[in-house]
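Computation of the quantities below employed the complete heavy-atom set of this structure, encompassing side-chain atoms and omitting hydrogens, waters and symmetry-equivalent molecules. To find a chain, count down the sequence lines: A is the first, B the second, and so on, and within it residues start at 1.
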Amino acid sequence: MAEYSRQVDAKWQRRWAETGLYSFDPDRVDEKLYCLSMFSYPSGAKLHIGHWWNYGLTDSWARMKRLQGYEVFEPMGFDAFGLPAENYAIDTGIHPRESTMTNIDTMRKQLQAMGAMFDWDYEVVTCEPGYYRWTQWLFLQLYRAGLAYRAKSPVNWCPGCNTVLANEQVHDGSCERCDAEVRQKNMTQWFFKITEYADDLLGGLDRLDWPEETKRMQRNWIGRSEGANIRFPLVGKQGEHIEAFTTRADTLFGATYLVLAPEHPLVDVLTTEKQKEEVIAYRDYAASKSERERLATEREKTGVFTGGYAEHPLTGEHLQVWIADYVLLSYGTGAIMAVPGHDERDFEFAEKFDLPIPRVIAAREDDIDDSLPYTGEGVMQNSKEFSGLTSSDGRQEVVGTLEEQGLGEETISYRLRDWLVSRQRYWGAPIPVVHCPHCGVVPVPEEQLPLTLPDEVDFTPEGTSPLAQCEEFMQTECPECGHKARRDPDTLDTFVDSSWYFLRYPDNRNEEEPFDSGWIDRMLPVDQYVGGAEHAVMHLLYARFITRVLFDLGYVNFTEPFEALVHQGVILGPDGYKMSKSRGNIVSPDDYVEEYGSDVFRLYLAFGFNYVEGGAWDDAGIQATRRFLDRVERWVNRLQTLLSNRPGSGSPQRSEITEELEYYWHNGIRKATEDAEVFQFNTAVARMMELTNALYKYDTEIPDQEKDIQLLENATRDLLLLLAPFAPHFAEEMWEIFGGEYSIFDQQWPEHDPQKLVQSEIEIAVQVNGRVRDTICIPPDASEEEIREIAESSERVQKYLTGEIKKTIVVPGRLINFVV
RNA sequence: GCCGAGGUGGCGGAAUUGGCCUACGCGUGCGACUCAAAAUCGCAUGGGGCUUUGCCCCUUGUGGGUUCGAAUCCCACCCUCGGCACCA
């Protein structure tokens with residue numbers, strides 16, 4: 001009986017390794033297909049279901065591509081720097097390098113046991129000097145190109161631990177370790193100028209074969225908006241002005257006050273002696289709020305008057321200048337003109353603080369409710385000579401007038417901010433610059449890379465980046481003037497590591513350069529990228545940005561790194577919630593793999609869920625796939641018996657059952673191929689089950705001497721090929737029993753015969769007023785007239801055909817609908 | 001709060017994108033095989049009702065709308081999930 005087991009996995013994994021079956025052949029680069037799963041972060045020691053879900057099924061897709069003739073490049077590696085290893089070290093004293101490397105060893109073994117086609121010769125580990133050397137190189141390229149700069153920026157500061165906190169270490173405004181209230185503190189940080197690429201990144205999206213919702217998220221994240229910067233001269237401060245960005249210059253005459261972000265530099269200039277105390281207190285209050293809190297629109301508005309005034313650029317009116325935390329320094333100019341009549345937040349604010357709320361826009365059509373605040377477009381009023389203009393004309397006219405007077409101009413603003421890449425942490429790639437008292441910031445010469453991360457470092461939080469305490473690391477000489485200088489104590493965001501790893505895979509051993517451009521241009525872009533939707537914006541945007549920079553610098557000849565993208569869903573716990581230790585609903589793959597073998601587990605993941613949506617784990621389902629593989633195995637053995645007892649002279653009889661089998665055979669090939677192509681693995685497997693059922697049915701219903709053994713052999717052969725990507729070890733084993741030549745993965749993917757899908761009769765529904773009343777069988781080529789006749793003659797239909805037929809709708813191959 | 005996705009039988013999930021709701025599988029029931037059970041093979045199976053060879057009504061989170069026809073499109077609401085720039 002059932003033979004497939006863990007031992008079969010081991011047998012074929014050994015054979016594959018011995019024969020180098022999955023080694024990428026560079027000579028066939030013209031047929032290459034670069035199939036990439038997002039590499040894994042070695043935080044836990046073991047693979048979880050999510051890994052199997054991502055890697056196992058992407059491997060199935062890649063195996064199909066191999067069978068279709070592609071030279072598949074399927075590498076794997078580890079995103080090995082990052083916060084969890086450092087936190088673990090703080091708690092346990094185990095060095096991040098040690099814990100990370102141990103985890104990687106375990107995970108690599110487990111990934112091998114999965115039986116995927118990963119070619120480990122191309123492995124990449126981001127925390128190894130051989131890799132981060134080139135991450136540092138990348139930093140230097142951006143620096144030279146003027147795309148890396150230093151600026152002050154607020155960070156989460158825990159006064160208790162004396163350290164910078166990640167957002168996830170802040171709970172309800174307090175530090176997760178010591179409970180102290182977290183403050184926003186300005187620190188000098190390195191940035192990459194991703195905003196310079198905002199329009200390119202936006203434009204590049206259109207062409208990509210990515211999920212529309214992901215593109216939409218990226219577009220929203222970039223948040224391009226066209227508008228104007230308008231200058232409001234400060235009253236009594238000659239030459240100084242507030243610059244405010246607005247998309248609604250047509251509402252300028254409705255601006256009754258201005259609001260600055262509390263951190264805005266002009267606040268000090270504007271604040272009067274009388275208001276000083278209040279302003280300082282409010283700034284302090286704002287520093288305790290996170291950005292997300294500040295942006296919550298439902299929160300009650302807060303703010304204080306600075307005591308200062310600015311002039312309206314067109315009326316000369318004096319406008320109060322306030323500060324409020326709903327205005328962010330990081331967006332636009334950090335200042336807004338408040339138009340309470342036509343903006344929800346300004347309206348709320350003005351009501352609360354009793355500021356005037358004039359109307360300057362009226363709806364154009366009467367039936368629209370334009371009670372204030374009216375945020376729609378319309379016709380300008382109470383706007384001097386601009387009154388009567390439409391919003392869109394008005395915007396142009398107003399900005400034009402301002403421009404003539406030097407008080408404003410058209411501007412495009414982005415929600416996207418520059419990428420903050422420095423981290424005050426140990427476990428990352430050191431930033432390769434030197435701070436020299438004479439020369440300032442000096443890049444480390446490329447030939448001195450890698451700038452190695454020292455091992456002997458005390459990484460418990462001490463108020464600075466851990467590396468700052470390591471004199472051995474910090475002390476250096478200026479590469480330019482040779483005087484004593486200090487190194488930069490910060491490390492790079494791990495997103496920098498992962499924003500170019502796909503470029504390193506194909507040339508991972510290169511010690512001269514990050515990659516050979518000529519080679520990489522042939523290997524990339526990635527043909528299919530698969531990874532979680534949680535990376536829809538940040539990782540995927542950063543990787544696109546870096547690729548474009550390298551394109552502009554002449555290192556690669558493509559602008560987009562990932563041609564096609566699929567997000568796998570999430571497998572939830574049996575209770576329908578996300579698996580987590582705290583919920584205690586974690587399902588570990590190990591026990592299942594041990595009991596059933598890798599293929600049963602992989603096949604269940606393929607069959608039991610929608611790949612893009614994921615779903616709750618269900619124990620019962622895995623039995624079903626076990627049973628299915630057993631059923632296939634019994635059939636393969638049964639076929640061997642039939643073959644050895646092949647009746648000498650008996651000639652095969654054609655029948656309905658034969659036609660049915662042929663239909664399921666070829667329909668199975670067609671649909672399984674189409675569905676697997678677009679990652680619809682569950683329906684692909686369903687078609688294989690149907691083919692298996694049809695083989696059983698044929699076997700039970702047709703007497704042995706009348707069986708078409710050739711037909712059975714061909715259909716079975718194709719079934720095994722279809723199944724191979726999803727149950728690779730099992731399929732090799734069956735292929736061997738079947739008498740096929742090693743390896744099944746060197747065979748050709750089957751093709752369907754359209755002839756076999758033509759049916760002599762098709763069934764369509766007959767509706768009356770849109771309700772199904774009967775079904776009829778018609779020849780596939782029947783004319784509308786014929787269909788109508790057959791349908792009308794049905795007794796069941798006639799019952800409902802009372803009165804005159806007003807209309808008849810025929811959907812070919814589907815239904816006919818009478819409207820009475 | 002903002003951006004994005006989702007909600008279909010007892011269960012996992014299908015549905016050619018506006019055209020027979022529930023493919024395939026699980027579970028359940030019945031039958032065959034068996035001394036018996038398991039395994040296996042086959043058949044049936046959305047819910048309710050009736051005058052039960054058959055017929056009628058209802059059904060895709062909730063409520064409304066558009067249409068000959070809606071799981072699919074529109075409006076409002078409820079719930080779940082992903083992201084929100086220092087988790088990766």
Original post:
Can you find a donor-acceptor N/O pair under 3.5 angstrom joining the side chain of A:R425 to the base of B:rC86?
Top reply: yes
Original post:
Glycosidic conformation of B:rG9, syn or anti, with 90° from 0 as the boundary?
Top reply: syn
Original post:
What does A:V772 touch in the nucleic acid at a heavy-atom separation under 4.0 angstrom: a base, only the sugar-phosphate, or nothing?
Top reply: sugar-phosphate
Subject >> A:R773 to A:Y800 six-membered ring, cation-pi geometry met (6.0 Å, 45°) >> reply: yes
Subject >> Taking every non-hydrogen atom, the tightest pair across A:C127 and A:T100 >> reply: SG-CG2, 4.3 Å
Original post:
What does A:R216 touch in the nucleic acid at a heavy-atom separation under 4.0 angstrom: a base, only the sugar-phosphate, or nothing?
Top reply: sugar-phosphate
Original post:
Is A:L815 touching bases, backbone alone, or none of the nucleic acid, heavy atoms closer than 4.0 Å?
Top reply: base
Original post:
Reckon A:Q424 touches a base, only the sugar-phosphate, or nothing at all at heavy-atom distances under 4.0 Å?
Top reply: base
Original post:
Looking across every strand, which nucleic acid part, if any, lies under 4.0 Å from A:F607 by heavy atom: base, sugar-phosphate, or nothing?
Top reply: base
**OP:** Quick one: classify the glycosidic conformation of B:rU17 as syn or anti, with syn meaning within 90° of 0.
**Re:** syn
Original post:
What is the nucleic acid contact for A:V170, judged by heavy atoms within less than 4.0 Å: base, sugar-phosphate only, or nothing?
Top reply: nothing
Subject >> Pairwise 5' ranking along RNA chain B for A:R631 and A:L416, keeping only the more 5' one >> reply: A:R631
Original post:
Which part of the nucleic acid, if any, lies within reach of A:Q169 when heavy atoms closer than 4.0 Å are counted: base, sugar-phosphate only, or nothing?
Top reply: nothing
**OP:** With heavy atoms under 4.0 Å as the rule, sort A:Q189 into base, sugar-phosphate or nothing.
**Re:** base
**OP:** Could you pull out the closest heavy-atom pair between A:R177 and A:N87, with the gap in Å?
**Re:** NH2-OD1, 3.0 Å
Original post:
Is the NZ or CZ atom of A:K807 both under 6.0 Å from the centre of the six-membered ring of A:F818 and within 45° of that ring's axis?
Top reply: no
Subject >> B:rG19 base / A:Q767 side chain donor-acceptor hit below 3.5 Å >> reply: yes
